[in-house]
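In what follows, a structure is listed as structure tokens, so that the remarks can point back to it.
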Amino acid sequence: MEPVAGTNRTAVTEFILLGLAETEKLQSVLFVLFLFAYMVTVGGNLSILAAILVEPKLHTPMYFFLGNLSALDAGCITVTVPSMLGRLLSHKRTIVHNACISQLFFFHLLAGADCFLLTAMAYDRFLAICQPLTYSTCMSQAVQWILVAMCWTSSLANTLTHTLALSTLQFCGPNEVNHFYCDLPQLFQLSCSSTELNELLLFGMSFLMAGIPLVFISTSYIHVAAAVLQMRSVESRKKAFSTCGSHLTVVFLFYGTGIFNYMRLGSEEASDKDKGVGVFNSVINPMLNPVIYSLRNPDVQGALWWVLLERQSLR
């Protein structure tokens, strides 16, 4: 919405999140479903993190990155779902302006770090399979921490860019966000000042956030596939494809929904598709990650059983 000269405007101090359902009956169903999804996601990711911390066999670079991924996924769903559950309980759909911007900031910070961490995990698999003799040197503890720090730094730079650009926009009504959490495309539609620069920034930064990591991931797995096909042992091939398959599944789910949601120009009207993608980004992806990694990984399964049995024995 373009500003109109000579008219009085009242700055928006709160937004109304329309959510996923209108009727009270559907809202009750959604509350149960999302509460269950939240408990499963946080419980699953924290269980994997606990298993990695207590099991010495899992103190390797691959599981170091997996532990970080689990922590990010638990944080990502915590940014969006608890506040939505609170609104479903109270039947109040409002969120103050500063809380909306804060939610957007932390969601993009965690999701962006997730994006780069998946690239670091692909690099780890490349070194482990294609350069096994120098793996321990190339992927030392110092290197692991440097890669994680780079993930956070890159994500913070991206998030600050969008947040600062968003702070230049004026919101003077309407204030109804057609979503269940605050996100950039939906807020652009409510601005009464030009969002052209913001949309170009979103498209450009999304291209960098998705394009560069995908090039690195694709290159890594081309080399990995070539190396795996040269292995003589069938068991070695199966193990390599199993660990890489879990990571690739998460990559396809994460980048597929992210590209659909953010790499578009123009203020398109918010639709149910956006809400569906939002559910996938903020709820389903974090919930599926521990399932994908634990079901396909006997080491993680064994450590998880040990953690659960140890907890039972302490009671």
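Just so it is clear, the values below take in all heavy atoms, side chains as well, and ignore hydrogens, waters and symmetry mates.
The aromatic rings of H179 and Y181 sit tilted relative to each other, their planes meeting at an angle between 30° and 60°.
In this structure, the side chain of S155 engages the main chain of L109 through a donor-acceptor pair within 3.5 Å. At distances below 3.5 Å, not a single donor-acceptor pair connects side-chain atoms of N289 with backbone N or O atoms of V250. When atom types are taken as modelled, the side chain of N158 and the backbone of S154 share no donor-acceptor pair closer than 3.5 angstrom. Of the possible donor and acceptor atoms, one in the side chain of T257 sits under 3.5 Å from a partner among the backbone N and O of L253. Judged by distance alone, with hydrogens and angles left aside, the side-chain atoms of N285 form no donor-acceptor pair with the main-chain N or O of N281 at under 3.5 Å. No donor-acceptor pair under 3.5 Å is formed between the side chain of S282 and the backbone N or O of I77. Distance alone, capped at 3.5 Å, is enough to place a donor-acceptor pair between the Q144 side chain and the M139 backbone.
Here F65 and H247 keep their ring centres 6.0 angstrom or further from each other.
For residues 149-169, there are no ring-ring contact (aromatic ring centres under 6.0 Å, His included) pairs, not counting sequence neighbours. Residue pairs meeting the ring-ring contact (aromatic ring centres under 6.0 Å, His included) criterion with at least one member in residues 16-61: none, sequence neighbours excluded. Residues in residues 156-178 take part in no salt bridge (Lys or Arg N to Asp or Glu O under 4.0 Å) pair, two or more places apart or across chains.
Atoms OG1 and CZ, on T153 and F116 in that order, are 10.0 Å from each other to the nearest 0.5 Å.
Contact record, Q103 with S83: NE2-OG, 3.2 Å, taken as the closest heavy-atom pair. Closest approach of C76 to L110, counting heavy atoms only: N-CD1, 3.6 Å.
The salt bridge (Lys or Arg N to Asp or Glu O under 4.0 Å) search around K25 returns none, not counting sequence neighbours. A search for disulfide (SG to SG under 2.5 Å) contacts involving C182 returns C100, not counting sequence neighbours. Remark: R93 pairs with E22 by the salt bridge (Lys or Arg N to Asp or Glu O under 4.0 Å) rule, at least two apart or across chains.
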